[in-house]
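Take a look at the structure set out below.
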There are 2 protein chains.
Amino acid sequence: MGDTPGNTGMGSGGEPTLEEQIAAYQREFQDLDPQVEKIVSALSRLNRRMNVAYGRQTSALGISNAEWEVLKALVLSGAPYRLGPSDLAKRLGLTPAAMTHRIDRMVTEGLVTRERDESNRVRVIVELTGEGREKWLEAMRLASVFEEDLLQDLSPDERTALGEVLTRLLRRVEDAQPDAGGRLSDLD
Amino acid sequence: MGDTPGNTGMGSGGEPTLEEQIAAYQREFQDLDPQVEKIVSALSRLNRRMNVAYGRQTSALGISNAEWEVLKALVLSGAPYRLGPSDLAKRLGLTPAAMTHRIDRMVTEGLVTRERDESNRVRVIVELTGEGREKWLEAMRLASVFEEDLLQDLSPDERTALGEVLTRLLRRVEDAQPDAGGRLSDLD
DNA sequence: ACTTCGAACTTTATCTTTGAAGTCTTCGGT
DNA sequence: ACCGAAGACTTCAAAGATAAAGTTCGAAGT
């Protein structure tokens, strides 16, 4: 059957390619630099694909992507692998309530422990277990293979340049959004 | 360095900087190219920040980020701005059930209409309303300003190079994940 | 024409996250 | 010492997403 009127060449089957999407932006919104849109669209798609890939890997290890994020934050915090719920929440961009529930699950799965801080009894300490650390290591091994494979086609110079440019962009957004863990309440 | 044992220099206050995070990866997982990790971490952070920014803009217009995604898909589909729920779901990486509910809300808000396809009565057609198109345009105006500002520091050559490299990376993931709208059921 | 298969969407139950209120501890002023 | 305010976490109700089963219609084989 011919195309549904109004389509740029795809059946109504699936996601348009990046090129088709850029063309569509030009068609629907002329005040837009195609170069800019190409970068932004590619960034966003790339991220989605990467998250799907991470999701496959973590679920193969019996944990969820959400749990992996918590393990990551704890490991990266260093040595005794302990953080408070509110700190974790800030790092992951979640509300404190969500953090409470997520920790609940992870405690029952044996990935972390939760205890009250004896010196400061309002505070709670979440600590990585050996099993949790082991899971993170396994996930990291998979992730590093995937990441290396992703960048395989880039020369060392290209990698350096890409890292530098992305860092520059990141700095720019972070300066514009001082805190912004994910809440946007401070919107004046 | 006389820091709290286990911390790389931050109090337990907030999110570590990108540089601190790279250093932590080196400390905790040596089999990792810091260059690779820098790129991947910056990509992921950049995306989170951008989504926060988009969220502020869309909520200022009285719609959610989720609704904006639907409007975007419809507009980009071209001319009569019609798509079926399952096609929309594929493009947004959602399950069909989520799509049904999201369309429900958007219909009551007047952003889209839902009707049965008369020639194919199993099918449903979701069509953008004038108001929906108007909302998308307003959001686009805000977004394009933000995006242009984000890339302000990049020279034309750098923009070209960045677009090219990201496209190359995207192609690589997409080749590795043929379909993958977001479901990972076909994992055999 | 009848039946069966399959596709497109919806419904139901469950899980996760959010926002708002609630509890408990600490700190600072009187 | 006492009292009130602020902070850290939890609980509760409600929104949004997923998974699995259910419905309905069209198409293909007999």
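None of these values were measured; they are calculated from a predicted model.
As a whole-Å value, the separation of Trp68(A) CH2 from dT16(C) C1' is 20 Å. Between the P atom of dT16(C) and the CD1 atom of Ile103(A) lies a distance of 14 Å, rounded to the nearest Å. Separating the CG atom of Leu88(A) from the P atom of dT17(C) is a distance of 13 Å, rounded to the nearest angstrom. In this structure, the NE2 atom of His101(B) is 12 Å from the P atom of dA13(C), given to the nearest Å. Rounded to whole angstrom, the span from the CG atom of Leu83(A) across to the C1' atom of dC9(D) amounts to 15 Å. If you measure from atom CE of Met106(A) to atom C1' of dT16(C), you get 14 Å, rounded to the nearest angstrom. Note: CG (Leu92(B)) to P (dT18(D)) measures 11 Å, nearest angstrom. Taking atom CE of residue Met99(B) and atom P of nucleotide dC9(C), one finds them 11 Å apart after rounding to whole Å.
Between Asp87(A) and Arg91(A) there is a salt bridge, since a side-chain N of the basic residue sits under 4.0 Å from a carboxylate O of the acidic one.
Here CG of Asn47(A) is found 6.5 Å from CE of Met50(A). Values are rounded to the nearest 0.5 Å.
Taking Tyr54(A) as the reference, Glu147(A) meet the side-chain hydrogen bond (donor to acceptor under 3.5 Å, both in side chains) condition, with sequence neighbours excluded. Listed by chain and number, the residues in a side-chain contact (heavy atoms from CB on, under 4.5 Å) with Asp33(B) are Glu148(A), Arg159(A), Gln35(B), Val36(B) (sequence neighbours excluded). The side-chain hydrogen bond (donor to acceptor under 3.5 Å, both in side chains) check on Asp117(A) picks up Ser119(A), with sequence neighbours excluded. Every residue two or more places apart in sequence or in another chain was checked for a salt bridge (Lys or Arg N to Asp or Glu O under 4.0 Å) with Glu19(B), and none qualifies.
In this structure, Ser59(B) contributes its side chain and Arg56(B) its backbone to a donor-acceptor pair below 3.5 Å. The backbone N or O of Leu61(B) lies less than 3.5 Å from a partner atom in the side chain of Lys135(B), making a donor-acceptor pair. Between the side chain of Arg102(B) and the backbone N or O of Ala66(B) there is at least one donor-acceptor pair closer than 3.5 Å.
Remark: Arg114(A) is not in phosphate contact with dA8(D), judged by side-chain N or O atoms under 4.0 Å from OP1 or OP2. In this model, the phosphate group of dA8(D) is not approached by any side-chain N or O of Ser86(A) to a distance below 4.0 Å at OP1 or OP2. OP1 and OP2 of dT26(C) both lie 4.0 Å or more from every side-chain N or O belonging to Arg116(A). Note on Thr95(A): every side-chain N or O is 4.0 Å or more away from OP1 and OP2 of dG19(C).
Of all nucleotides listed (dT18(C), dC9(C), dA17(D)), dA17(D) comes nearest to the side chain of Arg102(B). Nearest nucleotide to the Leu94(A) side chain, out of dT10(C), dT11(D), dT17(C): dT17(C). Picking from dT10(D), dT18(C), dT10(C) the nucleotide with the shortest atom distance to the side chain of Ala98(A) gives dT18(C). Comparing atom distances between the Ala97(B) side chain and each of dA17(D), dT18(D), dT10(D) picks out dT18(D) as nearest.
Non-hydrogen atoms lying under 4.0 Å from DNA chain C are contributed by Asn120(A), Arg121(A), Val122(A), all within residues 117-125 of chain A.
Summary of helix geometry: the two end axes of the helix from dA1(C)-dT30(D) to dT30(C)-dA1(D), each defined by five base pairs via their C1' atoms, are inclined to each other by 10° (rounded to 10°).
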Give the C-alpha distance, both sets of side-chain angles, the deciding distance and a yes or no for side chain to side chain contact (heavy atoms under 4.5 Å, CB included) between Glu67(A) and Thr58(A). CA-CA 9 Å; Glu67(A) 290 167 335; Thr58(A) 54; over 6 Å; no

